[in-house]
*Asks:* 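The structure is given below, and queries will be raised subsequently.
Bear in mind that the values here come from a model prediction, so they are computed numbers and not experimental data.
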Amino acid sequence: MADCIFCMIANKEIPSKLVYEDDKIICFHDLEPQAPVHVLIVPKKHIASLDDVTAEDQELLGYIMIKVKDIAKQLELENGYRLVNNCGEDGFQTVKHIHFHLLGKRKMTWPPG
Ligand code: AMP
Ligand code: ZN
């Protein structure tokens, strides 16, 4: 989708610090890390948010969930991690292309702010 920063990253129109890529997803380091390890797992398909997924996306979302542990292993998050999806205005979603934050290498707090 034109003017979508994560589509542009997926299409290599703008650079990113790549962690993992295949035909369905791309994973890169967040520009403003909130933890010592903070990467974004992003489907190459443009879906605006978790609120916009359809039954057609079931396999893709399942695929992402299964890949999380492989990416966590690659990043040596053996002590655990947090996976976050921000959705919509109250969820503080700033980039309107669905993505999952994978954070690790520090002890997280709960509840989130
Ligand atoms: P969210 O607030 O959940 O929509 O998260 C969007 C995230 O994308 C933020 O953590 C930003 O720091 C990050 N971000 C925005 N632009 C870029 C970029 N060009 N490369 C890497 N991360 C980015
Ligand atoms: Zn997009």
Side-chain angles (χ1 to χ4, degrees):
M1 190 192 219
D3 294 339
C4 171
I5 197 158
F6 288 174
C7 283
M8 288 191 239
I9 288 175
N11 294 332
K12 308 287 163 56
E13 289 160 19
I14 58 172
S16 69
K17 270 177 71 186
L18 195 67
V19 172
Y20 173 82
E21 180 176 17
D22 61 28
D23 58 327
K24 296 185 188 66
I25 63 172
I26 187 163
C27 174
F28 50 90
H29 287 276
D30 198 292
L31 266 188
E32 293 179 46
Q34 304 300 320
V37 172
H38 182 177
V39 301
L40 301 173
I41 304 173
V42 181
K44 290 186 171 177
K45 177 183 177 185
H46 182 89
I47 303 168
S49 80
L50 197 57
D51 213 32
D52 297 283
V53 297
T54 66
E56 189 186 290
D57 303 314
Q58 187 167 328
E59 199 174 319
L60 177 59
L61 287 174
Y63 182 79
I64 292 170
M65 290 302 115
I66 285 166
K67 276 287 167 194
V68 168
K69 66 176 188 308
D70 298 340
I71 294 170
K73 193 166 187 185
Q74 182 185 331
L75 294 167
E76 301 177 334
L77 303 181
E78 58 285 324
N79 212 39
Y81 49 84
R82 180 168 289 174
L83 188 71
V84 174
N85 172 257
N86 296 329
C87 181
E89 199 181 331
D90 281 1
F92 211 84
Q93 181 181 2
T94 59
V95 176
K96 308 292 189 251
H97 177 135
I98 193 170
H99 53 279
F100 297 88
H101 299 254
L102 177 63
L103 302 122
K105 294 283 181 200
R106 76 163 161 83
K107 189 87 174 171
M108 302 297 159
T109 56
W110 190 262

*Asks:* When you group the ILVMFWY residues by side-chain heavy-atom contacts below 4.5 Å and let the links chain together, are Ile41 and Ile14 in the same group?
*Replies:*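 Different clusters: Ile14 never reaches Ile41 through Ile, Leu, Val, Met, Phe, Trp or Tyr contacts under 4.5 Å.
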*Asks:* Between the main-chain N or O of Pro43 and the side-chain N or O of His97, is there a donor-acceptor pair closer than 3.5 Å?
*Replies:*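 Confirmed, His97 side chain pairs with Pro43 backbone.
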*Asks:* In terms of hydrophobic clustering (I, L, V, M, F, W, Y; side-chain heavy atoms under 4.5 Å; direct or indirect links), are Met108 and Leu77 co-clustered?
*Replies:*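 Different clusters: Met108 never reaches Leu77 through Ile, Leu, Val, Met, Phe, Trp or Tyr contacts under 4.5 Å.
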*Asks:* Would you say Ile64 and Leu40 are hydrophobically clustered, going by side-chain heavy atoms of ILVMFWY under 4.5 Å?
*Replies:*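 In one cluster: no.
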*Asks:* Looking only at heavy atoms, which two atoms of Ser49 and Ile98 are closest? And how far apart?
*Replies:*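 Smallest interatomic distance, heavy atoms only, reads C-CD1, 3.7 Å.
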*Asks:* Of all the heavy-atom pairs spanning Val39 and Cys27, show the shortest one and how long it is.
*Replies:*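 The pair with the smallest heavy-atom distance is CG2-SG, 3.6 Å.
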*Asks:* Does any part of the side chain of Met1, heavy atoms only, come nearer than 4.5 Å to the side chain of Lys96, both counted from C-beta?
*Replies:*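 Counting from C-beta outward, Lys96 and Met1 never come under 4.5 Å.
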*Asks:* Just checking Glu56: does its CD atom have more than 12 heavy atoms from other residues, nucleotides or ligands closer to it than 6.0 angstrom?
*Replies:*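 At most 12 heavy atoms, drawn from other residues, nucleotides or ligands, come within 6.0 Å of this atom.
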*Asks:* Is there a path of hydrophobic side-chain contacts, each under 4.5 Å between heavy atoms, that joins Ile25 and Leu83?
*Replies:*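 Cluster IDs for Ile25 and Leu83 match.
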*Asks:* Looking only at heavy atoms, which two atoms of Asp23 and Lys44 are closest? And how far apart?
*Replies:*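 Nearest heavy atoms, Asp23 then Lys44: O-CD, 3.6 Å.
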*Asks:* Would you check if the side chain of Gln34 reaches a backbone N or O of Glu32 as a donor-acceptor pair within less than 3.5 Å?
*Replies:*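 Yes, Gln34 side chain to Glu32 backbone: donor-acceptor pair under 3.5 Å.
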*Asks:* I need the single residue from His101, Lys105, Arg106 that forms a side-chain hydrogen bond (donor to acceptor under 3.5 Å, both in side chains) with His38. Which is it?
*Replies:*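 The single option meeting the side-chain hydrogen bond (donor to acceptor under 3.5 Å, both in side chains) with His38 is His101.
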*Asks:* Do Tyr20 and Asp70 make a side-chain contact, defined as non-hydrogen atoms from C-beta onward lying under 4.5 Å apart?
*Replies:*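 Tyr20 vs Asp70: side chains apart.
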*Asks:* Quick one: are Asp22 and Tyr63 in side-chain contact, heavy atoms under 4.5 Å?
*Replies:*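 With C-beta onward as the side chain, the pair touches.
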*Asks:* Return the CG to CG distance between Leu50 and Leu61, rounded to the nearest 0.5 Å.
*Replies:*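 Taking CG in Leu50 and CG in Leu61, the distance rounds to 7.0 Å.
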*Asks:* Provide the closest heavy-atom pair for Phe28 versus Val42 in the form atom of the first, atom of the second, distance.
*Replies:*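 Heavy atoms of Phe28 and Val42 come nearest at CE2-CG2, 3.7 Å.
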*Asks:* Check the hydrophobic clustering (I, L, V, M, F, W, Y; side-chain heavy atoms under 4.5 Å; chains of links allowed) and say if Val84 and Val95 are grouped together.
*Replies:*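 No; Val95 is not reachable from Val84 via cluster members.
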*Asks:* Strictly distance-based, threshold 3.5 Å: is any side-chain N or O of Gln93 a donor or acceptor partner for the main-chain N or O of Ala48?
*Replies:*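 Flag set: sc Gln93 to bb Ala48 pair under 3.5 Å.
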*Asks:* Nearest 0.5 angstrom please: Thr94 OG1 to Asn86 CG, how far?
*Replies:*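 If I round to the nearest 0.5 Å, the distance is 7.5 Å.
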*Asks:* Nearest heavy-atom pair of Tyr81 and Val68: which atoms, and what distance?
*Replies:*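 Reported closest heavy-atom pair: CE1-CG1, 3.7 Å.
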*Asks:* Can you give me the closest heavy-atom contact between Ile26 and Ile9, atom names plus distance?
*Replies:*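 Taking Ile26 first and Ile9 second, the nearest heavy atoms are CD1-O, 4.0 Å.
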